[in-house]
Trainee: 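Below you'll find the structure I mean.
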Amino acid sequence: MAPWGYSKENGPATWHKDCPIANTGVRQSPIDLITTGQTCAKYDSNLKPVIVSYPAFSEATFLNNGHSVQFQPSAGNLSELSGGPLTKKYKFEQFHFHWGNNDSEGSEHRVNGKMYPAELHLVHWNSESPNFSSFQEAVGSNDPHALCVLGFFLKVGAENASLKPITDLLSKVKNAGSSVSFPGKFDLKAVLPETLTDYYTYDGSLTTPPLAECVKWIVFKEPIEVSTAQMEAFRAVDDGHGKPITGNYRPPCPLHTRTVAASFK
Ligand SMILES: O=C(O)Cc1ccc(OCc2ccccc2)cc1
Ligand SMILES: [Zn+2]
């Protein structure tokens, strides 16, 4: 099967051919986060702030895999996640982005139908499970919360100095399949808002094949600002067929019987 992607020929509407769960799954991601009316997110006062411990990464690979750009630290990284809706400690695996061709599209999750120009995903796996001891095993484990992905919307505004080391590197991985070792240290903590208190959370899936339904999603309300130039840098990254990656976002999936919780009123 032609490798999956986001074009007409191999995009989200075709993924069911190799991943039936795309159409049969009842906890697929992303979703449209509705804040009013019947199926809206419900305030849960028990939801605590998310706690991240992200010491600056000293060794990492920055890769263009043809459907996104991904920052992956070496296996020994000690970055951890806990708190929020989680009962276990999760280990950081990688972060990557989803973006569009213009500022009115690009994010995977939506808020009342509104898309942001991009979305940052911080991928973690449950490091306290007796059933698996690596990210790859976690994805294949059928554990409903094997993974936790933190989603942050990106919006256009001031230049983001903390993300500049990443956006400045995009031209170096223009060709699909290319990767560079990240020069120097990268402080991911500095990219995130100070307080991680206001978020939506729900049970979902990977938003790319294999679309495994193993993700506790935590999507933060506050967007992260990046400049127009930084957004344009994403749009110059190639997909391996001589074209820029055009909108590597999956459209929203049905909620089915799921509920979305909000940590804020
Ligand atoms: O952030 C997302 O889009 C969800 C997501 C998270 C992780 C992910 O990993 C892909 C992958 C799956 C299995 C093995 C290796 C890599 C794919 C998608
Ligand atoms: Zn993603």
Side-chain angles (χ1 to χ4, degrees), residues 12 15 19 21-22 25-35 39-44 46-52 68 70 79-99 106-116 118-127 129 135 138-139 141-154 188 192-193 196-224 248-264:
W15 291 352
C19 288
I21 202 168
V26 291
R27 50 171 287 185
Q28 289 288 290
S29 293
I31 59 170
D32 188 352
L33 299 160
I34 309 294
T35 64
T39 67
C40 77
K42 193 167 174 322
Y43 172 59
D44 176 352
N46 298 317
L47 284 172
K48 304 178 203 56
V50 169
I51 300 163
V52 293
S68 185
Q70 183 170 298
S79 296
E80 287 187 336
L81 161 70
S82 61
L86 305 170
T87 58
K88 301 286 186 214
K89 242 193 297 188
Y90 284 68
K91 275 199 184 311
F92 179 84
E93 174 68 17
Q94 49 105 327
F95 70 74
H96 63 268
F97 299 83
H98 302 263
W99 63 89
S107 64
E108 296 215 291
H109 291 91
R110 306 184 187 194
V111 181
N112 297 324
K114 170 196 164 69
M115 269 193 271
Y116 286 85
E119 189 170 329
L120 163 62
H121 285 160
L122 309 184
V123 180
H124 308 74
W125 57 279
N126 178 353
S127 63
S129 165
F135 165 76
V139 174
S141 71
N142 277 327
D143 176 317
H145 300 148
L147 302 188
C148 177
V149 183
L150 305 186
F152 291 90
F153 295 118
L154 267 54
L188 176 57
L192 312 185
L196 301 174
T197 52
D198 292 2
Y199 56 82
Y200 303 95
T201 184
Y202 76 97
D203 289 350
S205 72
L206 306 187
T207 62
T208 62
L211 299 173
E213 296 187 326
C214 64
V215 182
K216 172 60 85 179
W217 276 96
I218 302 177
V219 181
F220 290 87
K221 182 183 76 169
E222 286 309 312
I224 292 173
N248 56 348
Y249 58 93
R250 188 190 191 191
C253 305
L255 195 57
H256 289 289
T257 59
R258 289 177 287 180
T259 54
V260 178
S263 68
F264 61 97

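Residue numbers count from 1 along this sequence. Computed from a predicted model, the values in this text were never measured in an experiment.
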Trainee: When the ring centroid of Phe92 is compared with that of Phe135, is the distance short of 6.0 Å?
Mentor: no
Trainee: Is there a salt bridge (charged side-chain N to carboxylate O under 4.0 Å, His left out) between Lys89 and Glu80? Walk through the geometry before answering.
Mentor: CA-CA 7 Å; Lys89 242 193 297 188; Glu80 287 187 336; 3.8 Å; yes
Trainee: Between the main-chain N or O of Asp203 and the side-chain N or O of Arg258, is there a donor-acceptor pair closer than 3.5 Å?
Mentor: yes
Trainee: For residues Cys214 and Leu206, report the shortest heavy-atom separation together with the two atoms involved.
Mentor: SG-CD2, 4.4 Å
Trainee: Which residues satisfy the ring pair (Phe, Tyr, Trp, His ring centres under 6.0 Å) test with His121, sequence neighbours excluded?
Mentor: His96, His98, Trp217
Trainee: Between Arg27 (side chain only) and Val215 (backbone N and O only), is there a donor and an acceptor less than 3.5 Å apart?
Mentor: yes
Trainee: Verify, without hydrogens or angle tests, whether Glu108 (side chain) and Ser29 (backbone) share a donor-acceptor contact under 3.5 angstrom.
Mentor: no
Trainee: How about Tyr200 and Val111: do any of their side-chain heavy atoms sit closer than 4.5 Å?
Mentor: yes
Trainee: How long is the span from the CG atom in Asn126 to the NZ atom in Lys91, to the nearest 0.5 Å?
Mentor: 10.5 Å
Trainee: With a 4.5 Å limit on heavy-atom distance, are the side chains of Glu119 and Tyr249 in contact?
Mentor: no
Trainee: Is the backbone N or O of Ala138 less than 3.5 Å from a side-chain atom of Asp143, with the two atoms forming a donor-acceptor pair by type?
Mentor: no
Trainee: Which pair of heavy atoms, one from His256 and one from Gly25, lies closest together, and at what distance?
Mentor: NE2-O, 3.7 Å
Trainee: On a heavy-atom basis, which atom in Pro30 and which in Thr207 lie closest, and how many Å separate them?
Mentor: N-CG2, 3.8 Å
Trainee: If every non-hydrogen atom of Met115 is compared with every non-hydrogen atom of Ser107, which pair is closest and at what distance?
Mentor: CA-OG, 3.4 Å
Trainee: Nearest 0.5 angstrom please: His124 NE2 to Leu86 CG, how far?
Mentor: 9.0 Å
Trainee: How far apart are the closest heavy atoms of Ile218 and Pro85, and which atoms are they?
Mentor: CD1-CD, 3.5 Å
Trainee: Is any side-chain heavy atom of Arg250 closer than 4.5 Å to a side-chain heavy atom of Leu211?
Mentor: yes
Trainee: Output all residues satisfying salt bridge (charged side-chain N to carboxylate O under 4.0 Å, His left out) with Lys88, sequence neighbours left out; order by chain, then residue number.
Mentor: none
Trainee: Nearest 0.5 Å, what's the CG-CG distance between Leu120 and Leu150?
Mentor: 8.5 Å
Trainee: Where do Val52 and Leu188 land on the side chain to side chain contact (heavy atoms under 4.5 Å, CB included) test, with the steps shown first?
Mentor: CA-CA 10 Å; Val52 293; Leu188 176 57; over 6 Å; no
Trainee: Taking Asp44 for its side chain and Ala262 for its backbone only, find out whether a donor-acceptor pair lies under 3.5 Å.
Mentor: no
Trainee: In Å, rounded to the nearest 0.5 Å, how long is the span from CD of Glu93 to OG of Ser127?
Mentor: 12.0 Å
Trainee: As a test of understanding, state which of Tyr199, Tyr202, Phe152, Tyr116 forms a ring pair (Phe, Tyr, Trp, His ring centres under 6.0 Å) with His109.
Mentor: Tyr202
Trainee: Give the C-alpha distance, both sets of side-chain angles, the deciding distance and a yes or no for side chain to side chain contact (heavy atoms under 4.5 Å, CB included) between Asn112 and Ile34.
Mentor: CA-CA 5 Å; Asn112 297 324; Ile34 309 294; 3.8 Å; yes
Trainee: Is there a side-chain contact between Ser68 and Gln94, using heavy atoms and a 4.5 Å cut-off?
Mentor: no
Trainee: Does some side-chain heavy atom of Thr208 sit less than 4.5 Å from a side-chain heavy atom of Asn248?
Mentor: no
Trainee: Checking Phe95 now: which residues fulfil ring pair (Phe, Tyr, Trp, His ring centres under 6.0 Å) with it, not counting sequence neighbours?
Mentor: Phe71, Phe97, Phe186
Trainee: Measuring from Thr35:OG1 to Lys114:NZ, what's the distance to the nearest 0.5 Å?
Mentor: 12.5 Å
Trainee: Is there side-chain contact between Leu33 and Val260, with at least one heavy-atom pair below 4.5 Å?
Mentor: yes
Trainee: Go through the steps to decide whether Phe220 and Val50 satisfy the test side chain to side chain contact (heavy atoms under 4.5 Å, CB included), and finish with yes or no.
Mentor: CA-CA 10 Å; Phe220 290 87; Val50 169; 3.9 Å; yes
Trainee: For a 4.5 angstrom cut-off between non-hydrogen side-chain atoms, does Glu213 reach Ile21?
Mentor: yes
